[in-house]
**Q** 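Take this structure, written in structure tokens, and hold onto it; I'll ask about it next.
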Amino acid sequence: MPKLSVAVERFPIAGKFVISRGAKTEAVVVVAAIEEAGCRGRGECVPYARYGETIESVTRQIESVRARIEAGVDCAGLQMLLAPGAARNALDCALWDLAAKRRGVPAHELAGLAPPAPVTTAFTISVGAPAEMAAAAAKARERPLLKIKLAGEGDAARISAVRAAAPDATLIVDANEAWTPADLDRHLAACAATGVVLVEQPLPAGRDAALARTERIIPICADESVHARSELDELRERYDAINVKLDKAGGLTEALAMVEMAEKLGFGLVAGCMVATSLAMAPALLIAARADFVDLDGPLLLARDRPEGLVYEGSIIRPASPALWG
Ligand SMILES: CC(C)C[C@H](N)C(=O)N[C@@H](CCOc1cc(O)cc2c1C(=O)N[C@@H]2C)C(=O)O
Ligand SMILES: [Mg+2]
């Protein structure tokens with residue numbers, strides 16, 4: 001019978017990671033491992049306070065379904081037991097990994113997908129004073145895609161500073177809900193003037209109705225406003241793209257279904273992540289192949305990754321080895 005174990009693990013960030021909501025110096029992740037018949041499947045998640053999650057609440061949620069996991073529930077059954085969120089993500093990814101290892105078939109094949117190819121990820125520039133952001137961008141100027149974190153007031157100066165420091169990079173920005181409906185048009189104009197190609201979550205989720213009435217001169221991507229499939233239909237008037245994260249969707253099973261539906265509805269796609277190790281990125285690589293932008297740079301911000309972590313060559317991510325996941 002399957003045996004579940006749960007562990008909280010900490011990975012220091014190289015320096016610190018700053019967005020509009022605050023700063024972090026370490027990635028704190030929850031890892032679920034399920035062992036059966038000599039095989040071991042693992043899944044990693046990041047509890048996010050923005051969605052009411054803590055390490056303790058996520059660990060409790062995982063423990064609440066221990067009996068069902070140890071009775072052999074599969075990914076389809078798991079979707080009925082927990083709501084979308086970090087806890088279900090760790091368990092869902094562990095079940096995919098276990099199934100791949102038990103059957104000796106890679107996870108992409110179980111999902112009916114082509115073998116993953118290398119992809120190019122965005123590299124995130126934390127929010128700060130324009131001069132600090134320019135210094136970070138100058139170090140990353142050879143990277144093809146930069147994601148600039150924004151904070152509201154002073155964003156035009158931040159974007160210009162990064163653009164001057166990295167003239168050849170494609171730029172996307174992420175306000176993490178820091179703009180207001182009143183300053184939306186002004187901020188979008190500043191983005192357009194510097195050639196930004198995507199604006200992620202400009203307005204607070206729940207206060208984003210103004211997006212339906214604004215001329216979206218740059219494609220706008222939902223992040224905090226979208227978690228799983230059930231929300232997609234009502235977001236069509238407000239957003240042009242969605243950021244799919246396994247932690248929000250509650251795992252690879254829902255993320256794959258979400259990608260299918262988003263494609264049918266005409267949304268562009270970003271494959272996103274939290275600050276986490278390669279174990280959280282590996283399953284997300286299965287959706288990265290279908291994304292317009294890949295934003296799986298979590299491990300690049302860490303001082304150390306897992307020993308069997310993904311290979312990043314600059315911003316190119318090589319497919320995961322089965323020793324890591326899948
Ligand atoms: C390394 C980056 C975080 C990865 C990616 N490029 C990215 O921008 N992801 C998220 C950012 C969310 O990250 C946060 C924000 C926060 O306030 C607290 C946390 C995290 C996180 O990853 N761990 C803690 C809980 C995005 O907005 O797209
Ligand atoms: Mg975001």
Side-chain angles (χ1 to χ4, degrees), residues 8-30 44-58 85-87 89-90 119-127 133 136-137 140 143 145-151 169-179 196 198-205 208 219-227 239 241-249 268-281 284-285 287-288 291 293-303 305 309-310 312 315 317:
V8 176
E9 298 178 9
R10 292 170 186 273
F11 293 82
I13 290 172
K16 65 179 177 188
F17 165 65
V18 191
I19 67 161
S20 59
R21 263 188 288 282
K24 286 178 60 64
T25 55
E26 63 176 1
V28 188
V29 305
V30 179
E44 174 182 306
C45 72
V46 180
Y48 196 3
R50 169 66 184 78
Y51 305 135
E53 295 172 337
T54 63
I55 295 292
E56 294 72 28
S57 72
V58 165
N89 178 30
V119 290
T120 299
T121 182
F123 180 78
T124 303
I125 306 292
S126 281
V127 70
M133 295 178 73
R143 293 185 183 273
L145 181 62
L146 298 180
K147 181 180 197 178
I148 314 173
K149 291 292 185 176
L150 296 177
T170 298
L171 300 182
I172 57 182
V173 301
D174 187 355
N176 285 108
E177 308 180 277
W179 296 355
V196 167
L198 189 79
V199 175
E200 191 167 301
Q201 197 66 39
L203 300 179
D208 57 1
I220 310 281
C221 177
D223 184 1
E224 285 86 341
S225 285
V226 67
H227 300 256
Y239 292 96
I242 60 163
N243 184 321
V244 178
K245 288 183 187 150
L246 272 56
D247 277 311
K248 293 187 295 177
L269 286 171
V270 174
C273 71
M274 303 293 283
V275 188
T277 79
S278 283
L279 180 56
M281 308 300 130
L285 284 177
I287 59 166
F293 295 103
V294 175
D295 183 28
L296 298 177
D297 61 340
L300 291 178
L301 274 76
L302 300 179
D305 191 7
L310 290 169
Y312 285 80
S315 291
I317 316 177

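As the structure lists them, so they are numbered: ligands from 1, and atoms in each ligand from 1.
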**Q** Using a strict cut-off of 4.0 Å, indicate which atoms of ligand 1 neighbour a heavy atom of Asp223.
**A** 26 (C), 27 (O), 28 (O)
**Q** Are Lys245 and Asp223 within salt-bridge range, i.e. N to O under 4.0 Å?
**A** yes
**Q** Pick one of side chain, backbone, both or neither for how Val275 approaches ligand 1, counting any non-hydrogen atom pair under 4.0 Å.
**A** both
**Q** Which atoms of ligand 1 sit under 4.0 Å from any heavy atom of Asp295?
**A** 5 (C), 6 (N), 7 (C), 8 (O)
**Q** Looking at every non-hydrogen atom in both residues, tell me the closest pair between Ala178 and Leu150 and how far apart they are.
**A** CB-O, 4.4 Å
**Q** Does Lys245 reach ligand 1, in the sense of a heavy atom lying below 4.0 Å from it?
**A** yes
**Q** Specify side chain, backbone, both or neither for Asn176, according to which of its non-hydrogen atoms lie closer than 4.0 Å to ligand 1.
**A** side chain
**Q** Can you find an N/O atom of Glu224 closer than 3.5 Å to an N/O atom of ligand 1?
**A** no
**Q** Answer with yes or no whether Arg50 contacts ligand 1, where contact means a heavy atom under 4.0 Å from a ligand atom.
**A** no
**Q** Would you check whether Pro47 reaches within less than 4.0 Å of ligand 1, judged by its heavy atoms?
**A** yes
**Q** Just jot down the ligand 1 atoms closer than 4.0 angstrom to any heavy atom of Leu301, in number order.
**A** 1 (C)
**Q** Give the contacting part of Lys24 toward ligand 1: side chain, backbone, both or neither, where contact means a heavy-atom distance below 4.0 Å.
**A** side chain
**Q** Would a 4.5 Å heavy-atom cut-off, applied to side chains only, mark Leu145 and Val294 as touching?
**A** no
**Q** Which protein heavy atom lies closest to atom 21 (C) of ligand 1, and at what distance to 0.1 Å?
**A** Met274 CE, 3.3 Å
**Q** Would you say the side-chain atoms of Glu177 pair up with the backbone N or O of Ala205, donor to acceptor, closer than 3.5 Å?
**A** yes
**Q** Give the minimum heavy-atom separation between Asp208 and Ser225, together with the two atoms involved.
**A** OD2-OG, 2.7 Å
**Q** Are side-chain N/O atoms of Asp297 and Thr121 paired as donor and acceptor at under 3.5 Å?
**A** no
**Q** To check your reading of the model: name the closest protein heavy atom to atom 9 (N) of ligand 1, its residue, and the distance in Å.
**A** Cys273 O, 2.7 Å
**Q** With a 3.5 Å distance limit and no angle check, can you tell me whether Glu44 reaches the backbone of Val29 through a side-chain donor-acceptor pair?
**A** no
**Q** With rounding to the nearest 0.5 angstrom, report the NZ to CD distance, Lys16 to Glu26.
**A** 15.0 Å
**Q** Which atom pair, heavy atoms only, marks the closest approach of Leu310 to Ser278?
**A** N-OG, 2.8 Å
**Q** Out of all atoms in ligand 1, which are within 4.0 Å of some heavy atom of Asp174? Include the element for each.
**A** 26 (C), 27 (O), 28 (O)
**Q** So which atom in Leu302 and which in Ala276 form the shortest heavy-atom distance, rounded to 0.1 Å?
**A** CD1-O, 3.6 Å
**Q** Specify the protein heavy atom at minimum distance from atom 8 (O) of ligand 1: its residue, its atom name, and the distance to 0.1 Å.
**A** Lys149 NZ, 2.8 Å
**Q** Could you name the option among Tyr51, Phe123, Phe17, Tyr48 that has the heavy atom nearest to atom 3 (C) of ligand 1?
**A** Phe17
**Q** Verify, without hydrogens or angle tests, whether Asn89 (side chain) and Cys45 (backbone) share a donor-acceptor contact under 3.5 angstrom.
**A** no
**Q** Would you say that Phe293 contacts Lys147 through its side chain, given a criterion of any heavy-atom pair below 4.5 Å between the two side chains?
**A** no
**Q** Are Ile172 and Leu146 close enough that some pair of their side-chain heavy atoms sits under 4.5 Å apart?
**A** no
**Q** Donor-acceptor pair, Lys248 side chain versus Glu224 backbone, under 3.5 Å?
**A** no
**Q** Restricting to under 2.8 Å, identify the protein N, O or S atoms around the Mg ion (ligand 2) as residue plus atom.
**A** Asp174 OD2, Glu200 OE2, Asp223 OD2
**Q** Considering only the protein, which heavy-atom contact is closest to atom 2 (C) of ligand 1, and what is its distance?
**A** Asp297 OD1, 3.7 Å
